[in-house]
Trainee: 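I have a structure here, written as structure tokens, and I will follow up with some questions on it.
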Amino acid sequence: MPELPEVETVRAGLERFVVGRVVAEARVLHPRAVRRDPAGPPGFAAAMAGRRFQRAERRGKYLWLALDDAPAGPGQQGGQALLAHLGMSGQMLVGEPGRPLSPHVRARFTFADGGPDLRFTDQRTFGHLMCVPLAGAVPAPIAHIAPDPLEPAFDPGAFAARLLRRRTEVKRALLDQSLISGIGNIYADEALWRARLHWARPAGGLTSGEVSRLLEAVHDVLTEALKAGGTSFDSLYVNVNGESGYFERSLRAYGRAGQPCGRCATPIRRDAFMNRSSYSCPRCQPRPGGAH
DNA sequence: CGACTCTCCTGGGTGC
DNA sequence: TGCACCCAGGAGAGTC
């Protein structure tokens, strides 16, 4: 599942392979891919034609390509962007225009230079694209998304203060993109394992030392995963695999039910939480209240 | 503002 | 072999 490190890898690939180029034609192959765009497939395609991708940016799991002014002139102050969320299985693939169209391509962009095209591919169709106004630094529809831990705007003190006010489990808080962005189920479990915190610990009950440990773990796991995933493109192929890429072999908790904890060798346990799985070490991450 | 629930979607895997 | 079912989720909308 693409979380911050995978999305950042895609962003860097888009920066390298499509920024500076002018869209010749955008074609929506599955209407669901632009379901959140009020203009619908025809409006989306019309808005993209003839536009130049100026920059590739990201916040949390969202990425966007800033567009030059529409041919009709400046739309709104701050311009527009092509905003993308990869969902669970979204990929941005760049390649020779003549290659076969895979069945999961949801949108295709060709370029005025006749070079490699861009294909938004998404098996499970949870991802989406939309053409949106930029409101200051970020696209308007994601103004409510909090800064992610790897961007300068991230304020550890403000995050800690808000976290401690939450009356909910610490993992639920980590997954709340309006509190801290970029973290999904995989890196939440990995960060909690590193910080030796159980996912069900009440956020408001954490000590300041535990919050610091957690933030450091979040930062480290994202940075290390990014380092591993960031080496995965060296050709005309921008890739996010639905798995967590090269970092998958480095996972210490996620998906490792029954396998020994890397610190204490106790078998990793799997629990159901928020309609998904949570993995933790029964010894290193004691359940709140003392029960195992 | 925050906590909660519901919904969207596909394909791989499993059990009968 | 075929079918019903479960599971993997992220995030927005709606309610309280």
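Numbered from 1 within each chain, the chains take letters A, B, ... in sequence-line order. Note that the structure is predicted; figures quoted are calculated from it, not measured. Below, each value reflects all heavy atoms present in this structure, side chains not excepted, and no hydrogens, waters or symmetry copies.
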Trainee: Provide, to the nearest angstrom, the distance between the CG atom belonging to A:Asp122 and the P atom belonging to B:dC8.
Mentor: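 Computing the A:Asp122:CG to B:dC8:P distance gives 17 Å.
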Trainee: Considering non-hydrogen atoms only, spot the tightest contact between A:Ser278 and A:Asp189 and give its length.
Mentor: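 Minimum heavy-atom separation between A:Ser278 and A:Asp189: CA-OD2, 3.4 Å.
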Trainee: If you compare all heavy atoms of A:Ile145 against all heavy atoms of A:Arg59, which two are closest, and at what distance to 0.1 Å?
Mentor: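 Scanning both residues, the minimum pair turns out to be O-NH1, 3.3 Å.
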Trainee: If a pair satisfies ring-ring contact (aromatic ring centres under 6.0 Å, His included) and one of its residues is in residues 80-108 of chain A, list it, with sequence neighbours excluded.
Mentor: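 Applying ring-ring contact (aromatic ring centres under 6.0 Å, His included) to every pair that reaches into residues 80-108 of chain A, excluding sequence neighbours, yields A:Tyr62-A:His85.
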Trainee: For the pair A:Lys61 and A:Asp148, evaluate salt bridge (charged side-chain N to carboxylate O under 4.0 Å, His left out) and give the outcome as yes or no after the intermediate values.
Mentor: CA-CA 9 Å; A:Lys61 304 176 206 172; A:Asp148 66 60; over 6 Å; no
Trainee: Rounding to 10 degrees, work out the angle separating the end axes of the helix from B:dG2-C:dC16 to B:dC16-C:dG2 (five pairs an end).
Mentor: 40°
Trainee: Which is it for A:Arg99 and A:Leu93 under the side chain to side chain contact (heavy atoms under 4.5 Å, CB included) test, yes or no, and what are the steps along the way?
Mentor: CA-CA 11 Å; A:Arg99 72 196 190 284; A:Leu93 303 176; 4.0 Å; yes
Trainee: Where do A:Tyr187 and A:Glu6 land on the side chain to side chain contact (heavy atoms under 4.5 Å, CB included) test, with the steps shown first?
Mentor: CA-CA 11 Å; A:Tyr187 295 113; A:Glu6 292 79 16; 2.7 Å; yes
Trainee: Taking side chain to side chain donor-acceptor pair (under 3.5 Å) as the definition, give me every residue that meets it alongside A:Glu8, ordered by chain and number, with sequence neighbours left out.
Mentor: A:Arg11, A:Arg58
Trainee: Which protein N or O atoms sit under 3.5 Å from an N or O of nucleotides 1-3 of chain B?
Mentor:
residue	atom	partner	partner atom	Å
B:dA3	OP1	A:Arg167	N	2.5

Trainee: In this structure, how many angstroms lie between the P atom of B:dC6 and the CE atom of A:Met274, rounded?
Mentor: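 Taking CE of A:Met274 and P of B:dC6, I get 14 Å after rounding.
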Trainee: For the residue pair A:Asp122 and A:Ser89, confirm or rule out a side-chain donor-acceptor distance under 3.5 Å.
Mentor: yes
Trainee: Take A:Met48 and A:Leu67 through the side chain to side chain contact (heavy atoms under 4.5 Å, CB included) test and state the conclusion after the steps.
Mentor: CA-CA 9 Å; A:Met48 299 305 301; A:Leu67 304 168; 4.0 Å; yes
Trainee: Let me have a per-nucleotide readout for nucleotides 9-16 of chain C, 5' to 3', with B, S or -, counting only protein heavy atoms under 4.0 Å.
Mentor: BBSSS---
Trainee: Whole angstroms only, please: what is the CD-C1' distance between A:Gln123 and B:dG12?
Mentor: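 Rounding to the nearest Å, CD of A:Gln123 and C1' of B:dG12 are 8 Å apart.
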Trainee: Output the rest of the hydrophobic cluster of A:Leu29: all Ile, Leu, Val, Met, Phe, Trp and Tyr residues reachable through side-chain heavy-atom contacts under 4.5 Å, sorted by chain and number.
Mentor: A:Leu101, A:Val105
